[in-house]
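Heads up: the structure comes next, in structure tokens.
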Amino acid sequence: MARVVLKDLVKTYGDFNAVNNVSLTVNDGEFVALVGPSGCGKTTTLNLVAGLVPITSGDIIIGDQVVNDLDPKDRDIAMVFQNYALYPQKSVYKNLAFPLQMRKLPREEIDRKVQEAARVLDMTHLLERKPRELSGGQQQRVALGRALVRDPAVFLMDEPLSNLDAKLRVQMRSEIKRFHQDLKATIIYVTHDQLEAVTMADRMAVMNGGYLQQYDSPAQVFAHPVNMFVASFVGSPAMSLIPLEASTANGSTVLTSAEGWSLPLSPLNARKVQNATSRKVVLGARHSTIRLHKSAVPDAIPAKAYTVEPTGDVTFVQAFLSGAVVNISVPPNVAVAPDQPVWLEFDQERMHLFDGATEVAVRAD
Ligand SMILES: Nc1ncnc2c1ncn2[C@@H]1O[C@H](COP(=O)(O)OP(=O)(O)O)[C@@H](O)[C@H]1O
Ligand SMILES: [Mg+2]
């Protein structure tokens, strides 16, 4: 396996920048997810690494080698795509063996590698079947196997689970994670699904508009999103973002809403807000950090429930505050009705504060 380094990677199509100065290092054996909304440049970035698309500028290093000008076949990578592109007429065995035959490996070595891949992916019993005799998940496993037999330095995967139904996707998610743990493989995995990235990856590279927004462990990205885009993209239901105004009087700082209510801030949050470039501040709160009360309590903000969605384990309530949608989760035994008045209490230690002008998270120092 090998490390992959992207340095100031740029891809332009005409005057459109699909990938803007992306720099990141994928360590040897690391599972990195490139994640972001449709069109943000994930596939383009992956195809640049693969060599399927020529770079405009920057460097790509795989192992110790700058591969900018190498053909895909010389980059020691294997790709797994959303459409598995299996040969319909060939058995699973032959599908796995084919890339090795192309490389003119001896027959015994091909057999050994195919059997080993089948064992790792638990599909020895499927080797004689044709792709049409397999389920979607089994076909995806064959596609993984075909990458595996090549024993590449890096696996590149582009939305490999997108064609599977929801249940199978969850199952294959753990299988690919297991695959990574067993092989200690270097994997770059593209997905638009933040939950896939959060659950599978060692680190996630969150992209938007061709720019890398944040590159960190899922736990760090979740706990400390660097800006409002990352804050609202990662986590479900999305973090609520409420635009407010900061003011300080008699030594205490409050956030006030055009609706007339105000929220006193803890000393730490007050220090953060003082670092904003203007008085405009956006309060960010995840559903699990807002307490819903059914009667007035000190420091809780009055609101009105709008929709109520029981999911079994937890009930999601949506309310409007200062024109923003606020998502709150409550235990299933708490009965809330649409249009019912509620009071929302924000957890000072777990709230996020963003500069309303720059949309960047404000820090205390
Ligand atoms: N060959 C191309 N010519 C022009 N624009 C392209 C080409 N390939 C991709 N793009 C544009 O680059 C942007 C990023 O595309 P892509 O990397 O496929 O996004 P993602 O995989 O994140 O959905 C999109 O706006 C897309 O339309
Ligand atoms: Mg894509």
Side-chain angles (χ1 to χ4, degrees), residues 219 222-225 227-228 230-232 234-311 313-357 359-365:
F222 191 82
H224 304 289
N227 59 33
M228 282 166 55
V230 176
S232 60
V234 177
S236 176
M239 183 191 288
S240 308
L241 295 167
I242 308 157
L244 299 168
E245 270 209 13
S247 58
T248 301
N250 306 324
S252 70
T253 301
V254 295
L255 295 179
T256 50
S257 159
E259 289 175 336
W261 51 266
S262 68
L263 177 70
L265 290 178
S266 69
L268 179 67
N269 285 331
R271 292 219 308 280
K272 290 184 182 174
V273 157
Q274 275 141 25
N275 286 333
T277 56
S278 73
R279 291 173 51 162
K280 284 186 174 182
V281 169
V282 175
L283 166 64
R286 295 202 187 278
H287 63 86
S288 54
T289 69
I290 305 171
R291 271 186 75 178
L292 181 145
H293 299 274
K294 296 210 269 185
S295 55
V297 295
D299 291 341
I301 311 298
K304 201 188 248 187
Y306 180 63
T307 61
V308 179
E309 290 181 349
T311 67
D313 285 336
V314 65
T315 297
F316 292 109
V317 178
Q318 280 197 338
F320 283 106
L321 260 193
S322 253
V325 176
V326 179
N327 294 302
I328 311 118
S329 53
V330 297
N333 59 340
V334 177
V336 185
D339 295 330
Q340 180 180 338
V342 293
W343 283 260
L344 304 179
E345 187 183 0
F346 293 90
D347 181 339
Q348 293 275 338
E349 287 186 14
R350 292 193 288 167
M351 68 172 54
H352 300 260
L353 294 162
F354 301 95
D355 187 314
E359 304 199 347
V360 172
V362 286
R363 308 224 172 269
D365 34 289

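Bear in mind the structure is a predicted one, so any value in this text is a computation, not a measurement.
- Judged by distance alone, with hydrogens and angles left aside, the side-chain atoms of K294 form no donor-acceptor pair with the main-chain N or O of Q340 at under 3.5 Å.
- Using a 4.5 Å heavy-atom cutoff, the side chains of V334 and T315 are not in contact.
- The side chain to side chain donor-acceptor pair (under 3.5 Å) test applied to E359 returns no partner, not counting sequence neighbours.
- No more than 12 heavy atoms of other residues, nucleotides or ligands lie within 6.0 Å of NZ in K304, so this atom counts as exposed by the packing criterion.
- For P267, the side chain to side chain contact (heavy atoms under 4.5 Å, CB included) test picks out no residue, with sequence neighbours left out.
- Residues satisfying the side chain to side chain contact (heavy atoms under 4.5 Å, CB included) test with A223, not counting sequence neighbours, are none.
- Residues L263 and M351 meet the side-chain proximity criterion, which asks for heavy atoms closer than 4.5 Å.
- Taking E309 as the reference, nothing meets the salt bridge (Lys or Arg N to Asp or Glu O under 4.0 Å) condition, with sequence neighbours excluded.
- The CG atom of N275 lies 11.0 Å from the CG atom of L353; values are rounded to the nearest 0.5 Å.
- Residues passing the side chain to side chain donor-acceptor pair (under 3.5 Å) test with S232, sequence neighbours excluded: none.
- Listed by first and then second residue, the salt bridge (Lys or Arg N to Asp or Glu O under 4.0 Å) pairs that reach into residues 247-263 come to none, sequence neighbours excluded.
- Partner of Q318 under the side-chain contact (heavy atoms from CB on, under 4.5 Å) criterion, out of I328, V308, V325: V325 alone.
- Partners of D347 under the side chain to side chain contact (heavy atoms under 4.5 Å, CB included) rule, at least two apart in sequence or in another chain, are T289, E349, R350.
- In terms of heavy-atom proximity, P264 sits nearest to D299 at CG-OD1, 3.8 Å.
- Considering every non-hydrogen atom in both A305 and A337, the closest pair reads CB-O, 3.6 Å.
- Judged as a ring pair (Phe, Tyr, Trp, His ring centres under 6.0 Å), the pairs with a partner in residues 248-299 (not counting sequence neighbours) are, in order, H287-F316.
- L321 places a side-chain heavy atom less than 4.5 Å from the side chain of I301.
- Residues meeting the side chain to side chain donor-acceptor pair (under 3.5 Å) test with R279, sequence neighbours left out: E245.
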Next item on the list: Could you please spell out the steps behind the side chain to side chain contact (heavy atoms under 4.5 Å, CB included) verdict for V362 and V281?
Entry: CA-CA 9 Å; V362 286; V281 169; 5.7 Å; no
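- The shortest distance between side-chain heavy atoms of S247 and V254 falls below 4.5 Å.
- Heavy-atom minimum distance, M239 versus P225: CE-CG, 4.1 Å.
- Minimum interatomic distance between A364 and K272 (heavy atoms only, all atoms of both residues): N-CG, 3.6 Å.
- Using a 4.5 Å heavy-atom threshold, the side chains of L255 and I242 count as separate.
- Evaluation of the side chain to side chain donor-acceptor pair (under 3.5 Å) rule for T253 yields T248, Q274 as partners, not counting sequence neighbours.
- Side-chain atoms of N269 come within 3.5 Å of backbone atoms of Q348 as a donor-acceptor pair (strictly under, hydrogens ignored).
- Applying the side chain to side chain contact (heavy atoms under 4.5 Å, CB included) test to T277 and every residue at least two apart in sequence or in another chain returns D355, A357, T358.
- Here the side chains of V342 and V336 are in contact, with some heavy-atom distance below 4.5 Å.
- Applying the ring pair (Phe, Tyr, Trp, His ring centres under 6.0 Å) rule to pairs touching residues 329-354 yields nothing, sequence neighbours excluded.
- S329 and V314 make their closest contact through CB-CG2, 3.6 Å (heavy atoms, listed as atom of the first residue, atom of the second, distance).
- Pairing each heavy atom of A324 with each of P243, the nearest pair is CB-CD, 4.1 Å.
- No donor-acceptor pair closer than 3.5 Å links the side chain of N327 to the backbone N or O of S240.
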Next item on the list: List the steps and the verdict of side chain to side chain contact (heavy atoms under 4.5 Å, CB included) for V317 and L292.
Entry: CA-CA 9 Å; V317 178; L292 181 145; 4.1 Å; yes
Notebook entry, point to check: Checking side chain to side chain contact (heavy atoms under 4.5 Å, CB included) for the pair L344/V326: CA distance, chi angles, key distance, verdict?
Noted result: CA-CA 10 Å; L344 304 179; V326 179; 4.2 Å; yes
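- Residue N250 places its CG atom among 12 or fewer non-hydrogen atoms of other residues, nucleotides or ligands, all under 6.0 Å distant.
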